[in-house]
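Below: one structure in structure tokens.
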Number of protein chains: 2
Amino acid sequence: MDVTIYQVAQRAGVSIATVSRALRGTGPVSSKTRQKVLKAVEELNFTPSRLGVSLAEGRHAANGIVFPNLAGPYYTEVLLGYEEVAAELGRSVVILSTKGRPNVREAVKELAGRVDGLVVFGRTAPDDLVAELIGVGMPLVFISREPMAGADTLRSENIESARKLALHLRGHGYTRYAFLGAPYAPGDDISQRWEGVSGVLGERIEPVLTAEYTVESGHEAALRLLRSPNRPQALICSDDEVALGALLAAEELGLAVPDDLAVTGWDDIMAARHARPALTTIRQPMREMGARAARALDELISGVRETCAHLNLATELVIRASCGHHPQEDHK
Amino acid sequence: MDVTIYQVAQRAGVSIATVSRALRGTGPVSSKTRQKVLKAVEELNFTPSRLGVSLAEGRHAANGIVFPNLAGPYYTEVLLGYEEVAAELGRSVVILSTKGRPNVREAVKELAGRVDGLVVFGRTAPDDLVAELIGVGMPLVFISREPMAGADTLRSENIESARKLALHLRGHGYTRYAFLGAPYAPGDDISQRWEGVSGVLGERIEPVLTAEYTVESGHEAALRLLRSPNRPQALICSDDEVALGALLAAEELGLAVPDDLAVTGWDDIMAARHARPALTTIRQPMREMGARAARALDELISGVRETCAHLNLATELVIRASCGHHPQEDHK
DNA sequence: TTGTAGGCGTTATCAA
DNA sequence: TTGATAACGCCTACAA
């Protein structure tokens with residue numbers, strides 16, 4: 001049904017080898033012949049089959065990315081940076097969301113079969129599968145995961161910025177803290193954030209689990225927490241969405257933020273800036289992370305780089321109104 | 001380098017045809033032979049090559065989606081619904097963002113070569129290419145675009161809900177309106193929204209262009225507008241992000257919303273609910289749109305349905321605090 | 001029940 | 001400068 005190289009060759013009165021050469025500029029072709037070929041290509045509106053090309057070339061010219069979900073701004077921002085650079089490098093992007101999927105293993109394996117390399121968030125892919133993929137030489141870039149031999153790792157700085165945040169809050173004079181959205185897996189971003197804040201605040205901070213890292217979960221957990229008689233004065237939330245949920249809870253309970261309660265988030269998503277009070281948070285370079293992942297993967301695939309790289313991107317403490325009053329208040 | 005079906009066949013002491021049959025259950029295989037084959041597959045850790053399978057089957061088992069960008073919540077929410085259902089249907093998702101890309105035509109064509117069907121937002125793909133794709137029988141689903149013969153169309157209702165919104169605002173008694181983020185292309189969502197509101201408000205509303213549909217653009221345009229002596233009393237924004245920008249502008253100028261100025265958005269993105277005042281807006285079923293697009297595309301690809309469908313999803317006016325005071329105020 | 005062989009659409013090697 | 005032809009990895013009539 002689709003036009004093949006054979007039809008072009010026939011129409012141009014040459015062999016398929018010549019058509020291929022003429023089109024890719026991969027060998028000598030007389031300019032007269034080239035004209036004929038191009039004319040035939042034009043007339044038949046020929047486009048080489050991706051499948052044929054990939055099979056022959058032994059590459060897909062596509063990258064994959066595995067993330068837990070696309071519900072919040074975080075992963076989509078990373079994806080944005082990733083897709084942009086991948087496209088620039090001539091690679092299509094195949095996505096895979098693992099949330100709520102019954103057969104993650106199979107899905108990741110299937111994805112791996114369609115691409116030349118993979119970006120994987122945290123532990124969204126089973127460890128043994130990951131090991132297997134590394135084993136067969138599949139280029140891999142992890143984001144926010146413990147470094148692993150045979151794969152690149154990319155993450156943004158957590159521990160130091162968590163410290164900085166904790167110190168800032170301590171400067172406000174609070175004495176009872178809660179960390180909302182406690183970590184589930186060792187080595188992930190949340191664990192590192194907890195490590196940083198608890199390192200500074202010690203006994204004064206208590207970890208509180210949320211069901212997920214979402215507005216609803218944050219809302220629910222904060223409601224519970226804030227109703228307790230000895231409620232915390234400051235809520236350090238493990239991400240902005242949880243913090244937004246906490247803000248809603250405070251409002252419902254008639255607590256003024258930041259006067260009755262301080263709240264902070266993480267990531268600096270769009271809503272953080274628009275919330276009132278605007279959310280104090282730690283900005284992560286989400287797009288840049290995606291862009292870097294794409295570049296790193298490209299290096300691995302093209303073989304420009306042999307050794308694996310492990311990078312820690314810098315973050316920025318963004319002080320707004322939700323953590324307490326400051327001399328020169330500005331709700332930027 | 002990768003294990004092929006030949007190695008499995010050799011190890012199991014059978015032909016490749018038998019291996020294929022055993023694995024796909026596509027023909028008679030004695031259970032003894034099957035055991036041998038499965039054992040060999042296991043030992044060699046064989047996975048059929050996607051390329052080989054696709055080439056032989058004549059299908060990619062993948063869908064594409066073309067959107068302008070991934071920057072705001074709108075497209076990502078649709079993508080979320082799309083990916084979820086596509087995965088459920090056993091199809092991978094290949095994404096393409098056209099924003100800032102020099103060679104959109106080529107990129108879309110390339111994408112089309114990797115998939116069995118395509119979802120296309122608005123006019124992100126060139127009209128003639130689209131016509132060409134329809135011509136060669138590529139299954140196509142448009143979102144928010146004028147219906148076209150040979151392709152499905154999906155959009156959410158705009159005109160009627162725009163009317164409803166305008167009527168509600170008129171009920172607040174405003175007399176000078178501006179529509180922030182005027183339409184660029186006839187037939188797109190924004191045009192329909194303008195059609196709806198201007199139909200009700202007539203001369204009392206003025207269209208105002210923004211550079212883009214972003215917070216920054218909205219902010220900038222609103223600043224300009226609100227500084228004018230005869231500034232509007234109500235800003236109907238063409239989407240939530242523009243509206244958020246307008247809220248920031250109002251705050252900067254010391255205008256209280258909704259007392260000095262009413263502001264409304266469109267889409268009901270996450271930040272709309274968290275902004276203060278919370279944004280009155282029109283909720284679009286973004287995820288459902290993506291999910292439906294995936295289903296529609298599947299029907300077209302599998303040939304279950306021959307005729308093209310054109311669907312208009314219902315929307316919902318969400319009244320919050322930013323459009324004016326109401327008897328029973330609730331900042332849900 | 002199993003194997004042989006042709007086809008899917010390219011690329012690239014090697015002769016001519 | 002060009003053309004056969006062998007991969008690439010799989011599926012599936014058709015024959016045995």
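These values consider heavy atoms only, across backbone and side chains, with no hydrogens, waters or symmetry-generated copies. Below, read A as the first sequence line, B as the second, and so on, with proteins coming before strands; counting in each chain starts at 1.
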Next on the checklist: Taking B:Arg114's backbone N and O only, do any of them form a donor-acceptor pair with B:His60's side chain (distance below 3.5 Å, no angle check)?
Outcome noted: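 Pair found, side chain donor or acceptor close to backbone of B:Arg114.
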Dump the pairs, protein N or O against N or O of nucleotides 10-13 of chain C, anything under 3.5 Å, distances to one decimal.
{"from": "C:dT10", "atom 1": "OP1", "to": "A:Ser49", "atom 2": "N", "distance (Å)": "2.8"}
{"from": "C:dT10", "atom 1": "OP2", "to": "A:Ile5", "atom 2": "N", "distance (Å)": "2.7"}
{"from": "C:dT10", "atom 1": "O5'", "to": "A:Ser49", "atom 2": "N", "distance (Å)": "3.4"}
{"from": "C:dT11", "atom 1": "OP1", "to": "A:Arg24", "atom 2": "NE", "distance (Å)": "2.8"}
{"from": "C:dT11", "atom 1": "OP2", "to": "A:Ser20", "atom 2": "OG", "distance (Å)": "2.7"}
{"from": "C:dA12", "atom 1": "OP2", "to": "A:Arg24", "atom 2": "NH1", "distance (Å)": "3.3"}

Item to check | Rounded distance (Å) that lies between atom C1' of D:dT2 and atom CZ of A:Arg34 | outcome: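 The distance from CZ of A:Arg34 to C1' of D:dT2 comes to 13 Å, rounded to the nearest Å.
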Checklist entry - Does A:Glu88 pair with A:Arg295 as a salt bridge, N-O distance under 4.0 Å? => result yes
Item to check | Between D:dG9 (P) and B:Leu44 (CG): distance, integer Å | outcome: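 Answer to the nearest Å: 14 Å.
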Item to check | Contact list for residues 61-81 of chain A, test side chain to side chain donor-acceptor pair (under 3.5 Å), sequence neighbours left out | outcome: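 Non-adjacent pairs meeting side chain to side chain donor-acceptor pair (under 3.5 Å): A:Glu77-A:Arg287.
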Next on the checklist: How many whole angstroms separate atom CG of B:Asp2 from atom C1' of D:dA7?
Outcome noted: 16 Å
Item to check | Ionic contact status for A:Glu146 with A:Arg123, cut-off 4.0 Å | outcome: no
Next on the checklist: Checking contacts here: which listed nucleotide (D:dG3, D:dT1, C:dT1) is nearest the side-chain heavy atoms of B:Thr33?
Outcome noted: C:dT1
Item to check | Any donor-acceptor pair under 3.5 Å from A:Thr124 side chain to A:Phe121 backbone | outcome: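 Yes.
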Next on the checklist: What is the separation between atom CZ on B:Arg114 and atom P on C:dG9, rounded to the nearest whole Å?
Outcome noted: 17 Å
Checklist entry - Rounding to a whole Å, what distance do you find between A:Arg59:CZ and D:dA7:P? => result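 Going from A:Arg59 (CZ) to D:dA7 (P), I get 23 Å.
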Checklist entry - Thinking salt bridges, do B:Asp188 and B:Arg145 make one under a 4.0 Å N-O criterion? => result no
Item to check | Side-chain N or O of A:Thr18 closer than 4.0 Å to phosphate OP1/OP2 of D:dG3 | outcome: yes
Next on the checklist: Just the rounded figure in Å: distance from P of D:dC10 to NE2 of B:His60.
Outcome noted: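 That distance rounds to 17 Å.
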